[in-house]
Student: 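Right, I'll just put the structure down here and ask away after.
The model shown is predicted, which means the values in this text are computed figures rather than measured ones. Just the heavy atoms: all of them, side chains too, but no hydrogens, waters or symmetry mates, feed the values below. Just so it is clear: chains get the letters A, B, ... in the order the sequence lines come, proteins before strands, and each one is counted from 1.
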Protein chains: 2
Amino acid sequence: MSEPRWLTPDQAEVWAKYRTLRRTLQRAQDQQLQRDSGLSAADYALLAPLSESADGVLRARDLGAEVDWERSRLSHQISRMEKRGLVTREACADDARGSMVRLTEKGREAIEAAAPGHAENVRQLVFDPLTPDEVRLFGDVLDRILDAVERNSR
Amino acid sequence: MSEPRWLTPDQAEVWAKYRTLRRTLQRAQDQQLQRDSGLSAADYALLAPLSESADGVLRARDLGAEVDWERSRLSHQISRMEKRGLVTREACADDARGSMVRLTEKGREAIEAAAPGHAENVRQLVFDPLTPDEVRLFGDVLDRILDAVERNSR
DNA sequence: ACCAGCTTGTTGACATGTCACCGACTTTGC
DNA sequence: GCAAAGTCGGTGACATGTCAACAAGCTGGT
């Protein structure tokens, strides 16, 4: 039973800032999307890859890989979006287990209405306050932490 | 109607990394807490300020201010934790509208079981991979973005 | 050809989070 | 004093996310 290694005061402060940022930034994004197009962040996450794909159709498996979501979460979200007319489901020709997700006209209109405001929001809140050097270093920091999380979960 | 300002490829990459980190780090935390003590991240967030307060009691309003949660979210979470015996609710002597939240013995045992592993996890995943310079820079970046979000929501 | 094991998607139960609203109480301005 | 406005906590409806389990189809080794 070894002595626990607590965080230093500096580290605790940075950690608290990170948690605050996670929440407030999420909230700012949700509000911008809701205001500009009535979409949630979850809606936007799925509509974005769909709108960039050929014909606005993706196999559920591939859409899941794009956003790195669990299958169950994806299925639930697609059901909710289907109910609101943003996407439709179709059978998959190649693989009878599969399911194709197709962007509807309404879905395309919604993401096209939301996208410019979304990009503007991310720029204003995240990138405009940083110098190009800081953006690079921020990216490096994220890489290091991501590596550590990746190593940890394997 | 002006041309939208899209993200540069570098910015889009950093933004994608940030979103991935947000998800995977949250997941790593949830799993560590669940494994070490059966607590969720939401449980931990409330138990931590409670365990550091005098007698393990805080007024709901003040607990909410500590964690910066909405009242409704706090109330729901306290109800769930009360049902599992982690906290109890009491009347507030000063203010008849108020509600005091008290840590139970079981709640204290749970947070004390979880805390060392939590600190170790945060160190391993976030701070050990970074040099002290990078930690400082990361803190500065978070400050800048937090300021921008704060300005934006006022 | 077979079948054990893998992949794919869905579902139901439950935990979490947000929103609009209410009811009770306190504070403020007069 | 007292009415208007603000504060505090809770509730119900709903959206989101996770987990375990399932059904169906695919795949590879024999």
Student: So what does B/R89 touch, heavy atoms closer than 4.0 Å: a base, only the sugar-phosphate, or nothing?
Tutor: sugar-phosphate
Student: With distance as the sole criterion, do the side chain of B/H76 and the base of D/dG12 form a donor-acceptor contact below 3.5 Å?
Tutor: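 Under the 3.5 Å cut-off, the side chain and the base do form a donor-acceptor pair.
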Student: Nearest heavy atom decides the nucleotide; on that basis, is B/S79 or B/Q31 closer to the 5' end of DNA chain D?
Tutor: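 Of the two residues, B/S79 wins.
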Student: B/I78 CD1 to D/dC8 P: how many Å, rounded?
Tutor: 14 Å
Student: Regarding A/Q77 and A/R80, do their side chains bring together a donor and an acceptor under 3.5 Å, going by distance alone?
Tutor: yes
Student: Could you state the CG-P distance from B/L33 to D/dT18, rounded to the nearest angstrom?
Tutor: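 My rounded result for the distance is 15 Å.
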Student: Is A/D95 touching bases, backbone alone, or none of the nucleic acid, heavy atoms closer than 4.0 Å?
Tutor: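 Sugar-phosphate, backbone atoms only, no base.
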Student: If you assign each of B/A96 and B/R71 to its closest nucleotide in DNA chain C, which residue comes earlier from the 5' end?
Tutor: B/R71
Student: Among D/dC8, C/dC25, D/dG17, which nucleotide has an atom closest to any side-chain atom of A/W69?
Tutor: D/dG17
Student: Using the rule given for side chain to side chain donor-acceptor pair (under 3.5 Å), can you reason through A/D30 versus A/Q34, listing the C-alpha separation, both sets of side-chain angles and the distance that settles it, and then say yes or no?
Tutor: CA-CA 6 Å; A/D30 286 344; A/Q34 191 63 48; over 6 Å; no
Student: Enter the distance from A/I145:CD1 to B/E134:CD here, rounded to the nearest 0.5 Å.
Tutor: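 Here the rounded value is 9.0 Å.
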Student: Between B/D95 and B/R59, does any side-chain N to carboxylate O distance fall below 4.0 Å?
Tutor: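 Yes, B/D95 and B/R59 are salt-bridged.
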Student: Establish whether the base of C/dT7 is bridged to the side chain of A/R97 by a donor-acceptor pair shorter than 3.5 Å.
Tutor: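 Counting by modelled atom types and ignoring angles, a donor-acceptor contact under 3.5 Å is found here.
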Student: Rounded to the nearest Å, what distance is computed from the CG atom of residue B/L46 to the P atom of nucleotide C/dG17?
Tutor: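 About 9 Å, once rounded to whole Å.
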Student: Below 4.0 angstrom from OP1 or OP2 of D/dT16, is there any side-chain N or O of A/R80?
Tutor: yes
Student: Looking for any heavy atom pair under 4.0 Å, which part of the strands does B/S99 touch: base, sugar-phosphate only, or nothing?
Tutor: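 Counting heavy atoms under 4.0 Å across all strands, the contact made by B/S99 is with sugar-phosphate only.
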Student: For B/D30 and D/dG17, what is the distance between atoms CG and P respectively, to the nearest whole Å?
Tutor: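 For the pair B/D30 CG and D/dG17 P, the rounded distance is 13 Å.
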Student: Select base, sugar-phosphate, or nothing to describe what B/R73 touches, counting heavy atoms under 4.0 Å on all strands.
Tutor: base
Student: Answer with yes or no whether the side chains of A/Q26 and A/R23 bring together a donor and an acceptor at under 3.5 Å.
Tutor: no
Student: Under 4.0 Å, counting only non-hydrogen atoms across every strand here, what does B/R59 touch: a base, just sugar-phosphate, or nothing?
Tutor: sugar-phosphate
Student: From D/dG9, D/dG10, D/dG25, pick the nucleotide closest to the side chain of B/A60?
Tutor: D/dG9
Student: Decide yes or no, distance alone: a donor-acceptor N/O pair under 3.5 angstrom between the base of D/dT11 and the side-chain of B/S72.
Tutor: yes
Student: Using a cut-off of 4.0 Å on non-hydrogen atoms, how would the nucleic acid contact of B/R27 be classed: base, sugar-phosphate, or nothing?
Tutor: sugar-phosphate
Student: Is it the case that the side chains of A/S99 and A/R61 hold a donor-acceptor pair, with the cut-off being a distance below 3.5 Å and no angle test?
Tutor: no
Student: Measure CE/B/M100 against P/D/dG9 and give the value in whole Å, please.
Tutor: 9 Å
Student: CD of A/E82 versus C1' of D/dT16: gap in Å, rounded?
Tutor: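 The distance from CD of A/E82 to C1' of D/dT16 comes to 17 Å, rounded to the nearest Å.
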Student: Whole Å only: how far is the CD atom of A/Q29 from the P atom of D/dT16?
Tutor: 16 Å
Student: Check every atom of D/dT18, D/dG25, C/dT16 against the side chain of A/E70 and return the nucleotide holding the closest atom.
Tutor: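 It is D/dT18.
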Student: Rounded to the Å, how far apart are B/Q77 CD and C/dA15 P?
Tutor: 11 Å
